[in-house]
Protein chains: 2
Amino acid sequence: MTAILGMMSGTSGDGIDGALVNFYEDNKFELLWHDNFDFSREVREHIRKLMKSASSEDCAQAGSFMAELYYNAVASFRESHREKIDYLAVHGQTIWHAPECVTIAGKSVCGTFQAMNSSWLAEKAGISVISDFRSRDLAVGGQGAPLVPFADLRFFGGIPGDTIALNIGGIANLTEIRHTKNSDASATGTNLPFVKNAFDTGPGNMLMDALIQKITNGMESYDNNGIIASKGKTDKKLLEELLSDDYFARKPPKSTGREKFGIAFLEDILKNKFSGSNYPDLMSTLLDLTVFSIADALEKHVFPSGEISQIILAGGGAYNSELILRLTEKVKKHCKICLSDDFGIPVSAREAMAFAALGEAFLKKIKSNIPAATGAHKQVVLGVFTP
Amino acid sequence: MTAILGMMSGTSGDGIDGALVNFYEDNKFELLWHDNFDFSREVREHIRKLMKSASSEDCAQAGSFMAELYYNAVASFRESHREKIDYLAVHGQTIWHAPECVTIAGKSVCGTFQAMNSSWLAEKAGISVISDFRSRDLAVGGQGAPLVPFADLRFFGGIPGDTIALNIGGIANLTEIRHTKNSDASATGTNLPFVKNAFDTGPGNMLMDALIQKITNGMESYDNNGIIASKGKTDKKLLEELLSDDYFARKPPKSTGREKFGIAFLEDILKNKFSGSNYPDLMSTLLDLTVFSIADALEKHVFPSGEISQIILAGGGAYNSELILRLTEKVKKHCKICLSDDFGIPVSAREAMAFAALGEAFLKKIKSNIPAATGAHKQVVLGVFTP
């Protein structure tokens with residue numbers, strides 16, 4: 001048995017999710033607890049600053065800064081939970097994710113920067129760390145994202161029927177789990193699950209969060225339950241304009257982040273595109289941008305391959321009932337929407353659990369990138385080990 | 001037997017040194033070959049640009065960029081040398097080294113940034129990588145530098161008499177190796193060597209290199225054998241002014257880098273301090289700055305503890321006969337100067353060999369930071385492993 005604490009801080013940069021998972025020899029696993037550690041306002045602001053623009057010095061310090069925060073999170077989790085932790089499997093904080101290669105001084109390189117000084121964290125926490133999961137996928141031509149499909153397959157592959165695992169965090173991403181229907185499968189009576197497709201559909205909560213933070217000058221960090229959005233009326237012309245963005249037209253695999261749908265994107269809307277003065281209208285429009293871009297992606301890239309039994313929702317967006325309402329309206333003719341809680345994966349624990357699963361894969365030398373998801377030309381063992 | 005290729009690219013950012021060392025069970029080692037891989041002018045310029053100012057995107061790409069170059073170096077070395085390589089022990093490229101802690105959003109953090117995407121390198125080279133040697137020392141209150149003293153002790157600890165291992169690279173650093181003279185030692189008849197002190201004395205070749213690159217518009221990268229300096233006359237007033245810099249007055253342990261003695265330092269001299277027009281005079285002054293700051297450091301921090309049998313010189317400065325001449329003049333009443341070649345460590349291989357030795361220490365779980373050198377409050381195992 002190996003107890004791995006998966007830890008994740010997302011593009012929203014508002015805190016760290018932790019999930020302690022016991023992995024057993026027989027390939028079974030058990031979630032012992034999940035918890036979260038909120039960043040102070042000062043910390044959030046510094047992370048946003050790093051994402052917006054960072055100097056060499058900032059980059060040098062970002063690793064220890066995030067490691068110190070992850071260490072604080074581990075210490076806080078340990079106060080509440082007594083279970084033994086064998087390893088930390090940590091995502092780090094994405095400061096920059098630009099998986100498209102560019103040529104620099106004759107070298108074709110691409111970059112993803114998950115700030116995390118693993119030595120600092122391992123030393124302070126006194127626990128070995130597995131980290132830097134994205135880099136090796138980039139080295140084999142992948143986008144380094146999404147990585148969660150490996151875990152989705154493990155978590156949801158056993159559910160009957162084809163499934164979409166949909167995560168609505170800062171960015172929204174989906175994993176399309178299908179079952180082989182070949183002669184082998186019918187011979188054995190089993191239909192092996194596999195990931196057919198996985199990609200970022202576009203913004204999740206990121207633009208809505210940025211808007212409310214702007215309006216409230218940072219006092220509120222998200223539109224609780226979509227209450228503000230529910231009071232607004234979507235600006236259809238603006239929505240159409242936003243949906244015409246190149247990203248939505250691109251074919252999967254594709255991944256995106258704050259570089260694309262961050263504060264600059266919102267500021268451009270406020271400055272050049274949104275002519276109204278009623279913020280709930282804009283909030284409603286941004287919510288619809290998330291909902292429509294998810295629904296469009298399903299229509300274009302998923303439903304044509306065959307019907308889906310269920311969409312399993314996780315991430316912060318699963319708490320936004322206005323979002324669920326509108327998304328249900330858009331997809332109800334195809335399938336039902338349920339929460340990952342119904343399958344033993346708490347919505348707020350899914351990503352942290354996924355990193356625990358990626359950590360276990362590293363320890364077992366299992367290749368965990370999924371080429372259909374990242375676009376890599378081969379599977380590799382992801383991660384770096386710090387004793 | 002384990003064959004480790006130590007790889008190092010220094011603050012001068014002009015290429016990669018490699019040294020393949022076989023480590024045997026009985027604690028013996030053997031240098032199989034050493035070689036170097038020059039960066040193109042375009043690459044050098046990009047590295048300098050990163051050191052001067054880098055954006056978040058630059059930081060994200062710097063790791064793969066350097067990994068690609070290290071991979072090119074491995075491929076080039078393999079063309080010339082057939083010996084099997086079990087591991088790569090790599091330093092990466094220092095983009096920023098600021099070991100003094102600062103408080104960010106309530107967290108005390110410090111940063112060192114050795115650009116190296118270890119996953120990228122391990123994948124492309126097909127060899128496991130040990131890297132990020134500096135970070136863990138920072139986590140225990142050290143400066144993350146110098147790390148070479150661990151290897152100096154291994155390489156030169158067996159030489160009779162107390163010894164200074166002096167490396168003149170971009171930055172100049174020394175390791176003071178003394179022998180215990182306590183009752184235990186006299187009982188056993190052996191005097192165990194230990195590192196009493198180790199620190200960066202200040203600039204090595206960095207300012208001289210920067211000056212010649214400026215004068216020749218990058219056509220020449222160093223003052224070959226100190227020929228230009230030897231034609232100049234030191235501006236004593238300027239030398240005195242430069243020597244009054246705070247860094248030289250600070251007590252060891254201390255470390256420095258391009259952030260301090262880089263292009264900005266030279267440009268300040270050219271703009272505000274050097275009133276002459278004869279570049280050889282300035283070159284001579286910069287050479288004397290290196291020589292005087294080394295000699296002063298010895299006078300202040302080494303010789304008072306007792307006489308030294310020899311200074312063992314390594315690094316690019318060992319090829320600069322004008323520098324050796326002037327340094328010999330300054331220290332001849334205390335000790336002789338010899339080259340590390342005389343002790344089986346080629347002057348241009350010392351640092352790469354040191355990283356091979358640090359890699360072996362990681363694999364054997366040997367703690368390799370030396371608190372007397374880095375200021376750390378404890379010894380730790382340095383490095384991160386990428387399979």
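Numbers restart at 1 for each chain; the letters A, B, ... are given by sequence-line order, proteins then strands.
Listed here is the closest heavy atom pair of T94(A) and M51(A): O-CE, 3.2 Å. Contact detail for M66(B) and S9(B): the closest heavy-atom pair is CE-OG, 4.2 Å. Between A354(A) and V148(A) the shortest heavy-atom distance is CB-CG1, 3.9 Å. Counting all heavy atoms, side chain and backbone alike, K254(A) lies closest to Y247(A) at NZ-O, 2.7 Å. Annotation for K367(B) and F150(B): closest pair O-CE1, 4.1 Å, computed over non-hydrogen atoms. Between G144(B) and D137(B), the shortest heavy-atom contact is N-OD2, 2.7 Å.
Both the backbone and the side chain of E123(B) come within contact range of chain A, each with at least one heavy atom under 4.5 Å from a heavy atom of that chain. If you measure heavy-atom distances from S131(B) to chain A, you find no contacts under 4.5 Å at all. Contacts of S118(B) with chain A are made by side-chain atoms alone, with heavy-atom separations under 4.5 Å and no backbone atom involved. At a 4.5 Å heavy-atom cutoff, the contact between F362(B) and chain A is made by side-chain atoms alone. Looking at E68(A), only its side chain comes within 4.5 Å of chain B, counting heavy atoms on both sides. Of the atoms belonging to A122(A), heavy atoms from both backbone and side chain fall under 4.5 Å from chain B. In this structure, the portion of N72(B) lying under 4.5 Å from any heavy atom of chain A is its side chain and not its backbone.
Test K49(B), R41(B), R48(B) against E45(B) for salt bridge (charged side-chain N to carboxylate O under 4.0 Å, His left out) and you get one pass: R41(B).
Residues passing the disulfide bond (SG atoms under 2.5 Å apart) test with C110(B): none are found, sequence neighbours excluded.
By number of non-hydrogen pairs under 4.5 angstrom with chain A, the leading residue of I95(B), I104(B), N117(B), V140(B) is I104(B). Top candidate by heavy-atom pairs under 4.5 Å with chain A, chosen from C101(B), G111(B), S108(B), A105(B), is A105(B). For the options R44(B), K124(B), H46(B), heavy-atom pairs under 4.5 Å to chain A are most numerous at H46(B). Counting heavy-atom pairs under 4.5 Å between each of S56(B), A139(B), S64(B), G63(B) and chain A puts S56(B) at the top. Counting heavy-atom pairs closer than 4.5 Å to chain B, the top-ranked of the candidates L138(A), V129(A), L121(A), D58(A) is L138(A). In terms of heavy-atom pairs under 4.5 angstrom with chain A, the leader among Q114(B), K365(B), E57(B) is E57(B).
For the residue pair R134(A) / H97(A), no side-chain donor-acceptor distance below 3.5 Å is found, with atom types taken as modelled. Under 3.5 Å, the side chains of E259(A) and W96(A) contain no donor-acceptor pair of N or O atoms.
Looking at K214(B) and N217(B), their side chains never come closer than 4.5 Å, going by heavy atoms from C-beta outward.
Ring planes of F133(A) and F355(A): perpendicular class, angle over 60° (limits at 30 and 60°).
Residues of residues 373-387 of chain A lying under 4.5 angstrom from chain B, judged on non-hydrogen atoms, are K378(A), V380(A), G383(A), V384(A), F385(A), T386(A), P387(A) by number.
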